[in-house]
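A quick note: this is a predicted structure, and the numbers were derived from the prediction, not measured. Atom set for the values below is all heavy atoms of this structure, side chains included, hydrogens, waters and symmetry mates excluded. Ligands are counted one by one from 1 in listed order, and the atoms in each one are counted from 1 as well.
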Amino acid sequence: MCGIVGYIGAREAYPIIINGLRRLEYRGYDSAGIVLNYPGSNELIKTKGKVADLEEKSKGKQLNANIGIGHTRWATHGEPNDVNSHPHLSNDGRIMLVHNGIIENYEPLKIQLKEYGFTFESETDSEVLANLIQYFKSKENLSLTEAVRYALNEVVGAYAIAVMDNESSDEIVVARLGSPLAIGLGEDEFFIASDASPFVEFTKDAIYLEDGEMATITRGEEVIVRKIEGNEIVSPAIQELQIGLEQIEKGGYEHFMLKEINEQPKSILDTMRGRLLPEEGLIRMAGIWDHKEKFYNAKRIIIVACGTSWHAGLVGEYLIEEFARIPVEVEYASEFRYRNPIINKDDVVIAISQSGETADTLAALKLAKDKGAFIYGICNVVGSSIARLTDAGSFTHAGPEIGVASTKAFTAQLTVLTLIALKLGNHNGNLTTERYRSLCYELMNIPQLVEKALESNDIIKEIAAKYKDSENALYLGRGYNFPTALEGALKLKEISYIHAEGYPAAEMKHGPIALIDENMPVIVIAPKKGHYDKVVSNIQEIKSRKGKIIAVVTEGDVQVRDLADYVIEIPDCSEEFSPILATIPLQLLSYHIAVMRGANVDQPRNLAKSVTVE
Ligand code: F6R
């Protein structure tokens, strides 16, 4: 939620910050703002709307400072309007601040500051923090670093902040607790950002602040990192960035989402690379192998996640129970963290998260850790909070996912979960060597089958044109493809704003069947394996109520073809791998419908890519 960018060096800060904000817009796009720090003065421009609106508002201004900070906002406190936009200034106009997160105790702090004579323009928690910093700075005559530290010690909540003082145009102070913050280290210049994408073309060296740390970044000097509580200086690890510019650009596609859907043959292969070695008869996963006793002795595995990652967790449950016969429970992280769950020391808790920053998943994991469970992460973002908190884990190597709707991260999560389930099943003896080997060989071939599944794009476009004006849609699947149905429905609703529900196909007659009439498109996932005959019966039930049937079937299927209004073929594969293939046409269908409805596919309304507030 919210993206922060900053720059200090010899170049003009404005273009670097604007470009950086554009790359971070996936984190929130309710408003955008920038402030440049000139000796003794500043230039503040902010607006409701997108970074493009900010650029429009900046036209014609003389913006040549070489230090500044910017922000793109996903609103939490106060509606998205110009006044609530960041950056915020303190009452004396000297302190400039951008903030990602939530100051939970902002109300009492605000009341106190009002008693000291401070006034407030906005409804935000962030303006309170700017004034609190001013308060400490002037009352105690502190340096900016000290004033920020004093203020943060009064704050309860989550934050990544960047702060400047117009008494000095040579310094930016940053801090983090619960929201990510990276510092790019160039030659005599520094970049600040919520993730490294705004500065990949300038430097490969970055410091990722740890929770509870702050840094003073001064022109021409070393970055000084210290603990917010206790003030102890720490020596930060400098990490080499693994991402390149090409990975965060659209590469000729109209939208990031379409690019990311089409990248899946590669992202799945990258996720298997070096791990799946069928010739040698093994799956190599250090995170699992080094802690195998934890998994084998586990009485159960609990998977915690949100949204699409939760859907991947549901497929994980089927896979692990099938291949390794270890009981699995899948929980919404947001429910798990607040319901006093029973967690034992011999439980393994797996968190699944693309961003590695989702606040609820992070909190669920902390709870499990406190109760002594072994915690394992499946994350896409290296260096993310979840990745750092876990005892061990496996990264998905999907590459940066920029479209807000998750696509390639989902299939990469399914790939990692399949590898884990196969590995556990092989080693605890629940899978025969023969079956294990044959599944490994088949899995190796999945990227090619995904490539084939993508070839249905034209028929999917035709279907999209036919149903784009629907107000509702039902998605049905059974077994492994019940989660696929949930995921298909989520994709459609989040980017096209069509109301869609996913159901286990057999549940339809317990209520949802009442919705079916000649206007209701029902997307049925009906591959040949698994509960095919049962799903065919469900299709008959829909047909006799005149519902419109769009079926995802195995290539060559004739039975469903006769019943359905449209079929989309996917290649034949084992039932256990079918969610990876069946999800591809559902992603494309949502994408085309959303484009045809004129929706902003990469930045759907009200959403943000990384949900760092609960
Ligand atoms: C939907 C989507 C969200 C995320 C959810 C969890 O397309 O992207 O539902 O899956 O917000 O995010 P992560 O995986 O980053 O924890």
Side-chain angles (χ1 to χ4, degrees), residues 1 3 26-28 74 178-180 194-195 255-258 260-261 264 267 303-316 330-337 349-366 376-390 393-396 398-414 416-417 475 483-484 486-498 500 502 583-584 586-591 594 599-614:
M1 304 294 169
Y26 72 88
R27 302 180 66 87
W74 186 82
S179 301
S194 300
D195 71 35
H255 296 99
F256 280 112
M257 184 179 176
L258 188 60
E260 287 158 8
I261 290 173
Q264 289 175 105
S267 54
I303 298 179
V304 292
C306 301
T308 288
S309 298
W310 183 78
H311 297 156
L314 290 179
V315 179
V330 187
E331 301 258 7
Y332 282 117
S334 53
E335 290 297 314
F336 182 79
R337 63 180 288 198
V349 176
I350 301 181
I352 307 178
S353 175
Q354 187 284 129
S355 61
E357 301 294 345
T358 301
D360 283 321
T361 310
L362 195 54
L365 214 53
K366 282 183 181 155
Y376 197 87
I378 299 177
C379 294
N380 195 40
V381 178
V382 178
S384 59
S385 301
I386 292 175
R388 284 185 299 181
L389 183 76
T390 44
S394 307
F395 284 111
T396 46
E401 190 179 65
I402 293 167
V404 164
S406 188
T407 53
K408 62 176 180 170
F410 177 65
T411 48
Q413 289 165 347
L414 297 184
V416 165
L417 286 160
Y475 284 71
T484 315
L486 294 178
E487 175 58 10
L490 175 63
K491 253 359 33 129
L492 185 70
K493 74 183 126 190
E494 70 179 323
I495 61 168
S496 72
Y497 320 138
I498 294 174
T583 211
I584 306 291
L586 304 187
Q587 295 169 347
L588 285 169
L589 184 64
S590 310
Y591 171 78
N600 186 339
V601 173
D602 284 335
Q603 295 172 350
R605 69 183 179 208
N606 304 337
L607 290 176
K609 185 78 185 152
S610 164
V611 186
T612 54
V613 295
E614 65 171 288

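Closest approach of E260 to P400, counting heavy atoms only: OE2-O, 3.9 Å.
Within the structure, the closest approach of I386 to ligand 1 does not fall below 4.0 Å when heavy atoms are considered.
Heavy-atom contacts of G307 reach the following atoms of ligand 1: 9 (O), 10 (O) (cutoff under 4.0 Å). Remark: ligand 1 atoms within the under-4.0 Å shell around heavy atoms of A405 are 7 (O). Close approach to S353 involves these atoms of ligand 1, each under 4.0 Å from a residue heavy atom: 13 (P), 14 (O), 15 (O), 16 (O). Taking a cut-off of under 4.0 Å to the non-hydrogen atoms of V404, the atoms of ligand 1 that pass are 8 (O).
Regarding atom 13 (P) of ligand 1, its nearest protein heavy-atom neighbour is T358 OG1, 3.2 Å. Nearest protein neighbour of atom 15 (O) of ligand 1, counting heavy atoms only, is S355 OG, 2.6 Å. Protein heavy atom nearest atom 11 (O) of ligand 1, with residue, atom name and distance: V611 CG2, 4.0 Å. The closest protein non-hydrogen atom to atom 6 (C) of ligand 1 is C306 O, 3.3 Å.
Remark: the Y376 side chain and the S394 side chain contain an N/O donor-acceptor pair separated by less than 3.5 Å. Of the N and O atoms on the side chains of Q264 and T411, at least one donor lies less than 3.5 Å from an acceptor on the other residue.
With rounding to the nearest 0.5 angstrom, the CG atom of L607 is 12.0 Å from the CG atom of D602. Of the inter-residue distances, the one linking D360 atom CG with L365 atom CG reads 12.0 Å to the nearest 0.5 angstrom.
Residue-level proximity to ligand 1 for K491 is carried by the side chain, the only part with a heavy atom below 4.0 angstrom.
Among S355, S406, S267, the one residue that satisfies the side chain to side chain donor-acceptor pair (under 3.5 Å) test with E401 is S406.
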message = What verdict does the side-chain contact (heavy atoms from CB on, under 4.5 Å) test give for I378 and T396, after you've listed the backbone C-alpha separation in whole Å, the side-chain angles of each residue and the deciding distance to 0.1 Å?
response = CA-CA 7 Å; I378 299 177; T396 46; 3.9 Å; yes
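Between T308 and ligand 1, an N or O atom pair is found at a separation short of 3.5 Å. Any N or O atom pair closer than 3.5 Å counts here, and E494 shares at least one such pair with ligand 1.
In this structure S309 satisfies the side-chain contact (heavy atoms from CB on, under 4.5 Å) test together with A305, I352, Q413, sequence neighbours excluded.
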